[in-house]
Amino acid sequence: MDGIQIVWFKRDLRTHDHRPLVEAARAGSVLPLYIVEPGLWQQPESSLRQWRFIGQSLRELDQSLKALGAPGLIVRHGEAVEVLEQVRQQFGKAALWSHEETGNMWTFCRDAAISRWCRCNNVTWQEYRQDGVVRRLGNRDGWAAHRDRFMALDRAPQPARIRTVSILSDPLPVRPASTLADDDCPGAQPGGRTAGLMLLDSFLQRRGLDYARGMSSPLSAADACSRLSPHIAYGTLSMREVVQALRQRRHEVKADPALSAWRRPLAAFEARLAWQSHFMQKLESEPEMEWRNLHPAMADERQAVDPERFAAWAEGRTGWPFVDACMRMLHHTGWINFRMRAMLAAVACYHLWQPWREAGLHLARQFIDYEPGIHWSQMQMQSGSTGINAFRIYNPIKQSHDQDPEGTSIRQWVPELAQIPDAWIHEPWRMDANLQARSGCRIGRNYPAPIVDHEAAAREARARLRAAYRGEDALAASQAVMARHGSRKRRADGGRTGSARRNDGQMGLFG
């Protein structure tokens, strides 16, 4: 194949298990390209902390390409169609190679524009799968088998050497769009493939032993969880190499009785990896779920933002110590464990009755590992907007007692409460005035009182949701959602879950 072979890196910042790079290298001279797209970074879910992780990963990718004989990664600033047209005009005939991407609506529309540009300019665009997502999937029947077959395929070998062309690169910007706000995140994870490989190894050999038990509490989850999510989200590691490394470790564990304690946590982690693909497939199949309720019953509910309530939640000053500690931890580190993500979403959407879209945008900006397919599926699920999942209205006080029994996390992230006695750390507003004074924390002055009564708010939210989902029309709509997006996990009795059958909490509203 003649002409320049453009390898467009997007959310696949690696040279290992990168089939577009392999195939482009076989076809001719390669232009390894990353486009800093201002339009993408002007989206309301983008943040500077995400860009820092990407920037670190791009620098390591640049070094990996140089080791293969390339001058390095070519960075260009501008919108993708304009940048690709400039390259085409400079080199004449061109082919475009990339991985498929399941992103937000902006990237969906961007890729549609690229497809039109390719057709108009006789440019061949070869896209390849890199995870369990299947494009143009008719229905979910058999999807799990598709994913399992893909994960079992041999990984693409890294090219021994690539031929490249000479072209100038733009510098990596400190800030990819002027609209991005300052975003201090001192506890952020470092980007780059080396950091990802170290995490994978330490999890499979040491840290993962406590995964099943330690994943739920912010006290233990930072070490017990894999912490691979940003590396999978931005592709410094491929999902397939993570799954295959995990399966190899499970094989070792199965063969050695002395390692039997590893069996449960490794099985739990593999199940989580499968659910990651399951949720991403939902967005691939219905991109509108980023902004439109899956179930029509909630179309007119929770439409207005209450500025006072929303700000209190977003800034970690709701008056519920554990909720505020989790939000402040997220601000500081760019990461928090799944259960606490679900709790933060539930508090915003149930107790404070705020729109899931606006709550989701705030959380997306905080997450270094923001993955649109998982995030928007989860925001709809955790806000009760799917019509196929039971309402998970987390009790913030119960979660506090369960996940932070001694108030260790609360005292770390909410220092106003550092001197509160253990007996009152979960509900400091219940202290009398004298005890507040002795503890150096007057509720309403040093730390806010609860913004609402959480029990009354939960009852009201549940009643409103039940009223919205009442009736045969709601059931029919839920069955349609289930048919399109529901899991087809094998049931315990050996059968398969049907499109309208309750499974893992799905159809829980009507079961």
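Computed from a prediction, not measured in an experiment: that's the story for all the values here. All heavy atoms count here, side chains included; hydrogens, waters and symmetry mates do not.
At least one side-chain heavy atom of T164 sits less than 4.5 Å from a side-chain heavy atom of P71. Between M327 and H362 the shortest side-chain heavy-atom distance falls below 4.5 Å. Side chains of E270 and M151 form no contact here, defined as non-hydrogen atoms less than 4.5 Å apart. Using a 4.5 Å heavy-atom threshold, the side chains of D111 and W125 count as touching. Side-chain contact between P321 and V414 is absent, with no heavy atoms from C-beta onward closer than 4.5 Å. A 4.5 Å side-chain heavy-atom check between L273 and M239 finds at least one atom pair inside the cut-off. Side-chain atoms of W320 and I451, non-hydrogen and from C-beta on, do get closer than 4.5 Å to each other. Side-chain contact between V22 and P159 is present, with at least one heavy-atom pair separated by less than 4.5 Å.
In this structure, the side chain of R155 does not engage the main chain of H16 through any donor-acceptor pair within 3.5 Å. A donor-acceptor distance shorter than 3.5 angstrom exists from the side chain of S220 to the backbone of G214, with no hydrogens or angles considered. A donor-acceptor pair is defined here as one N or O able to donate and one able to accept, closer than 3.5 Å; such a pair exists between the side chain of S169 and the backbone of V75. The backbone N or O of T236 sits less than 3.5 Å from a side-chain atom of R193, completing a donor-acceptor pair. Judged by distance alone, with hydrogens and angles left aside, the side-chain atoms of R14 form a donor-acceptor pair with the main-chain N or O of G235 at under 3.5 Å. Not one N or O on the side chain of Y34 forms a donor-acceptor pair closer than 3.5 Å with the backbone of L13. Between the side chain of R76 and the backbone N or O of V83, no donor-acceptor pair lies under 3.5 Å. Formation of a donor-acceptor pair under 3.5 Å by the H331 side chain with backbone atoms of A314 is found in this model. For the pair E290 (side chain) and M105 (backbone), a donor-acceptor distance under 3.5 Å is present. Proximity of a side-chain donor or acceptor of Q281 to a complementary backbone N or O of V134 within less than 3.5 Å is detected.
Judged by the 6.0 Å distance and 45° axis criteria, R341 is positioned over the aromatic ring of F367. Remark: R250 is not positioned above the aromatic ring of W262, lacking an NZ or CZ atom under 6.0 angstrom from the ring centre and at most 45 degrees off the axis. Cation-pi check for R309 over W353 is not met; the charged atom does not lie both under 6.0 angstrom from the ring centroid and within 45 degrees of its normal.
Residues A311 and R317 approach most closely at CB-NH2, 3.7 Å, considering heavy atoms. Residue R339 comes nearest to Q403 through the heavy atom pair CD-NE2, 3.7 Å, listed as atom of the first residue, atom of the second, then distance. Contact detail for A233 and D369: the closest heavy-atom pair is CB-O, 4.0 Å. Residues A245 and L200 approach most closely at CB-CD2, 4.0 Å, considering heavy atoms. Smallest separation of non-hydrogen atoms from I6 and L33: CG2-CD2, 3.9 Å. Minimum heavy-atom separation, V481 to T386: CG1-O, 3.6 Å.
Ring orientation note: the planes of W413 and H332 are tilted relative to one another, at an angle of 30° to 60°. In this structure, H231 and F53 have perpendicular ring planes: the angle between them is above 60°, well past the 30° mark.
By the salt bridge (Lys or Arg N to Asp or Glu O under 4.0 Å) test, R11 pairs with E371, sequence neighbours left out.
Within 6.0 Å of atom NZ in K66, more than 12 heavy atoms from other residues, nucleotides or ligands are found, so the atom counts as buried in its surroundings. Counting non-hydrogen atoms of neighbouring residues, nucleotides and ligands closer than 6.0 angstrom, the CZ atom of F310 exceeds 12 such neighbours. The environment of CZ in R175 is crowded: more than 12 heavy-atom neighbours from other residues, nucleotides or ligands sit within 6.0 Å.
Residues H146 and W143 keep their aromatic ring centres 6.0 Å or farther apart.
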| field | Evaluation steps, side-chain contact (heavy atoms from CB on, under 4.5 Å), between V133 and R129 | value | CA-CA 7 Å; V133 175; R129 287 178 63 183; over 6 Å; no
| L96 and I114: CA distance, side-chain angles, deciding distance, side-chain contact (heavy atoms from CB on, under 4.5 Å) verdict | CA-CA 10 Å; L96 182 62; I114 295 296; 3.8 Å; yes
| message | Before you tell me yes or no, could you show the steps for Q158 and L21 under side-chain contact (heavy atoms from CB on, under 4.5 Å), namely the whole-Å CA-CA distance, both residues' side-chain angles and the distance that decides it to 0.1 Å? | response | CA-CA 8 Å; Q158 182 178 244; L21 180 62; 5.8 Å; no
| Derivation and outcome, side-chain hydrogen bond (donor to acceptor under 3.5 Å, both in side chains), residues N104 and W376 | CA-CA 9 Å; N104 58 15; W376 294 115; over 6 Å; no
| query | When you look at S46 and Q50, which way does the side-chain hydrogen bond (donor to acceptor under 3.5 Å, both in side chains) test go after all the steps? | reply | CA-CA 7 Å; S46 298; Q50 297 162 2; 4.6 Å; no
| Should E101 and E127 be marked as a side-chain contact (heavy atoms from CB on, under 4.5 Å) after you check the CA-CA gap, both sets of side-chain angles, and the distance that decides it? | CA-CA 9 Å; E101 179 180 9; E127 292 185 277; over 6 Å; no
| request: I would like to know whether D170 and H77 meet side-chain hydrogen bond (donor to acceptor under 3.5 Å, both in side chains); could you show each step before the answer? | output: CA-CA 7 Å; D170 295 334; H77 301 183; 4.6 Å; no
| task | Could you go through the side-chain hydrogen bond (donor to acceptor under 3.5 Å, both in side chains) check for T318 and D324 one step at a time? | result | CA-CA 6 Å; T318 63; D324 294 341; 2.8 Å; yes
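Applying the side chain to side chain contact (heavy atoms under 4.5 Å, CB included) test between N389 and each of M381, M482, Q380 identifies M381 as the sole match.
Within the model, atoms CG of N337 and SG of C326 stand 7.0 Å from one another, a figure rounded to the nearest 0.5 Å. Between D201 atom CG and L197 atom CG the span is 8.5 Å, to the nearest 0.5 Å. One finds the CZ atom of R302 at 7.5 Å from the CG atom of N293 (value rounded to the nearest 0.5 Å). For the atom pair CG (D223) and OG (S202), the distance works out to 8.0 Å, reported to the nearest 0.5 Å. The CD atom of E284 lies 4.0 Å from the OG1 atom of T102; values are rounded to the nearest 0.5 Å. Distance CH2/W275 to CZ/F338: 10.0 Å, rounded to 0.5 Å.
If you check the side chains of T179 and Q42, you find no donor sitting under 3.5 Å from an acceptor. With no hydrogens or angles considered, no side-chain donor-acceptor pair links R140 and S285 at under 3.5 Å.
Under the 4.0 Å criterion applied to side-chain N and carboxylate O atoms, D404 and R411 are not assigned as salt-bridge partners. Looking at R59 and D62, no side-chain N of the basic residue comes within less than 4.0 Å of a carboxylate O on the acidic one, giving no salt bridge. Classification of R328 and E416 as a salt-bridged pair holds, one side-chain N sitting under 4.0 Å from a carboxylate O.
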